[in-house]
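Atoms considered below: every heavy atom in the structure, side chains included; atoms not considered: hydrogens, waters and symmetry mates. Quick note: residue numbers are just sequence positions, from 1.
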Amino acid sequence: MTRTCLAVVLAAGDATRMKSSRSKVLHEVGNLPLIAHVTNAAARAGVNDIALVVGRDADAVTSAAQIGHQLPVTPVMQTERKGTGHAVLMAREVISQGYDDVVVLYGDAPLINPESLEAAIASRTAGADVVVLGFRAGDPSGYGRLIEKDGELVAIREHRDASPEELAIDFCNGGIITFSGTQAVDLLEAIGNDNSKGEYYLTDIVEIARARGLKCVAVEAPEEDMMGCNTRAELAEIEAVWQARARHQAMISGVSMMDPATVYLSHDTDIAGDVTIEPNVWFGPGVTVGQGAVIHAFSHLEGTTIGAHAQIGPFARLRPGAELGEKAKVGNFCEVKKARIGEGAKVNHLSYVGDAIVGAGANIGAGTITCNYDGQNKHLTEIGARAFIGSNSSLVAPVRIGEGAFVASGSVVTSEVPDDALAVARARQETKPGYAARLRERISAIKALKASSGS
């Protein structure tokens, strides 16, 4: 029989230590909000529904929590901050709907792996009433310790309350707790606030459950899975861990990276096998790279599709809407925006191609630009297959360059160039022998006059 599971995600914190104008969980790792990492992990772990405890920026947090999955998300408002136990109880109505399992997650802990959640839920299925995810800390200072006896979890001891023997334990509380859905509300309502802060601590649920004869266990997960974010420094640390994971997965899947630590990926970066990525490449959201493509150093990519065996860079920028066909090339110091570059077409150096269609096998010379913006609207430039655009040309949109057409270097093209036609759109050169020397003499005389007059 299929079990049902509810994730209660706590995302109502004020983010005081982030010193931010927006909720902490809206900050991004891998160009995805922290909260979305958590809800996506829950979805991949087999959770059925999500109850989202919100406070600050409630609407924005709820929207972010729905990115990347199809699970229903029910927001519940927490107006007072009285501890984690109180926060979970804000979702009382959702919890009471009769789930087999309830798992409590934290919106500012985006590194949690679905596998760790699956292990906790599996332990519930195997008969435990309460399951706590823990980790082996390299430095356990400050963490609550998980006290076990005969294979069961008997207590979560806060660092300040631990005995010397308990302080020697390196198995620490990760904060994520899974418990029986049918017992959840009773256990949560039994949590008191008789402590120095007068708060309701979710960790007290272990002591309450054991007093009722219920079985509590701890399941070990990697320490980095539990990393939470309270400051921007911690956000950077989490980003580094996430990037290392993403790079490793890409390389295991057949992607070559010359200097992995300098490549930055996004949560949805899709790179096929046999792709080579040189150092210092940034992938923004929405990038797909086809088989065997080469991304040269110092390139910046966002919202773009790169065909198989294409070449990008070095020092290239592909902006949203750029689509490169198979074996296309966008070379050094080129920018492409909302443009389709056909199969085998080349935009080799120092060019801007925006709002354009470039046909297969076309060649865009160095310094060419599409003049796509008239101050109010963007206009389309069409360049036919096998067309040749000479260096330092300006194509004033809307304009069409026909198939096999040739545009002479330095041209400013303002009207259509038919198929196989030659367009020369520049002023005729005039050469005046000896005029350069006369010009220099005139300039020198003016300078001398100014010097003598003291001006």
Side-chain angles (χ1 to χ4, degrees), residues 282 284-290 293 295-296 299-307 310-429:
W282 186 85
V287 177
T288 300
V289 184
I295 314 297
H296 293 289
S299 293
H300 188 286
L301 320 175
E302 181 178 4
T304 184
T305 300
I306 299 169
Q311 293 197 47
I312 309 301
F315 295 97
R317 184 182 183 194
L318 301 185
R319 291 169 56 192
E323 299 179 22
L324 275 62
E326 184 174 350
K327 296 182 181 179
K329 183 176 181 181
V330 173
N332 48 290
F333 301 103
C334 290
E335 180 177 350
V336 177
K337 188 273 296 185
K338 199 178 179 182
R340 189 163 68 245
I341 311 298
E343 179 179 349
K346 297 178 181 178
V347 186
N348 275 323
H349 0 261
L350 302 161
S351 294
Y352 169 70
V353 179
D355 296 281
I357 299 173
V358 179
N363 186 89
I364 311 299
T368 294
I369 62 171
T370 57
C371 307
N372 55 332
Y373 186 49
D374 64 6
Q376 293 186 352
N377 300 300
K378 300 292 180 68
H379 300 281
L380 179 67
T381 299
E382 298 180 74
I383 300 172
R386 304 179 312 284
F388 183 94
I389 311 300
S391 297
N392 201 36
S393 293
S394 298
L395 310 180
V396 183
V399 70
R400 177 184 178 273
I401 312 298
E403 293 188 7
F406 195 109
V407 174
S409 296
S411 293
V412 179
V413 180
T414 59
S415 58
E416 179 177 356
V417 181
D419 295 354
D420 294 315
L422 166 65
V424 182
R426 61 189 183 216
R428 184 176 296 277
Q429 178 176 325

Novice: Say you draw a straight line from NZ of K329 to CG of N363; how long is it, rounded to the nearest 0.5 Å?
Specialist: 10.0 Å
Novice: Does V396 reach the side chain of V399, with side-chain heavy atoms less than 4.5 Å apart?
Specialist: no
Novice: Would the number of heavy atoms belonging to other residues, nucleotides or ligands and lying under 6.0 Å from CZ of R340 be above 12?
Specialist: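 Not more than 12 within 6.0 Å, no.
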Novice: Nearest 0.5 Å please: distance from the NE2 atom of H349 over to the CZ atom of F315.
Specialist: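 It comes to 15.5 Å.
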Novice: Could you tell me the separation between the CZ atom of R319 and the CG atom of L301, rounded to the nearest 0.5 Å?
Specialist: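 It is 13.5 Å, given to the nearest 0.5 Å.
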Novice: Between atom CZ of F388 and atom CD1 of I383, what is the distance when rounded to the nearest 0.5 Å?
Specialist: 12.0 Å
Novice: For residues S351 and G365, report the shortest heavy-atom separation together with the two atoms involved.
Specialist: OG-O, 3.0 Å
Novice: Shortest non-hydrogen contact from G342 to A328?
Specialist: O-CB, 3.6 Å
Novice: Any chance you could measure D420, atom CG, to R386, atom CZ, to the nearest 0.5 Å?
Specialist: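 Spacing of CG (D420) from CZ (R386) equals 7.0 Å.
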Novice: Under 6.0 Å from the NZ atom of K337, do we count more than 12 heavy atoms belonging to anything else shown?
Specialist: yes
Novice: With I389, which of I401, V353, V413, V358 fulfils side chain to side chain contact (heavy atoms under 4.5 Å, CB included)?
Specialist: I401
Novice: Under a 3.5 Å distance rule, please check whether D419 uses its side chain to pair with a backbone N or O of E403 as donor and acceptor.
Specialist: yes
Novice: Less than 4.5 Å apart, any side-chain heavy atom of I312 and any of V289?
Specialist: no
Novice: Just verifying a value: how many Å separate I357 CD1 and I341 CD1, rounded to the nearest 0.5 Å?
Specialist: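 Interatomic distance, I357 CD1 to I341 CD1, rounded to 0.5 Å: 10.0 Å.
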Novice: Can you give me the closest heavy-atom contact between A425 and S411, atom names plus distance?
Specialist: N-OG, 3.0 Å
Novice: Quick one, V407 and T368 - any side-chain contact, counting heavy atoms below 4.5 Å?
Specialist: no
Novice: Ignoring hydrogens and angles, tell me if any N or O in the side chain of T305 forms a donor-acceptor pair with the backbone of E323 under 3.5 Å.
Specialist: no
Novice: Tell me yes or no: between the side chains of D355 and Y373, is some donor less than 3.5 Å from an acceptor?
Specialist: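 No - no donor-acceptor pair under 3.5 Å links their side chains.
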Novice: If you compare all heavy atoms of S393 against all heavy atoms of A408, which two are closest, and at what distance to 0.1 Å?
Specialist: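 Distance-wise, the nearest heavy atoms are OG-O, 3.3 Å.
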Novice: Would you say the side chain of I306 lies within less than 4.5 Å of the side chain of L318, judging by non-hydrogen atoms?
Specialist: yes
Novice: Is it true that a side-chain atom of T304 and a backbone atom of E302 form a donor plus acceptor pair closer than 3.5 Å?
Specialist: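 Flag not set: sc T304 to bb E302 has no pair under 3.5 Å.
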Novice: Closest approach of A397 and L380, non-hydrogen atoms and distance?
Specialist: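 Nearest heavy atoms, A397 then L380: CB-O, 3.6 Å.
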Novice: Looking at every heavy atom in both G410 and R426, which two are closest together, and how far apart are they?
Specialist: O-CB, 3.8 Å
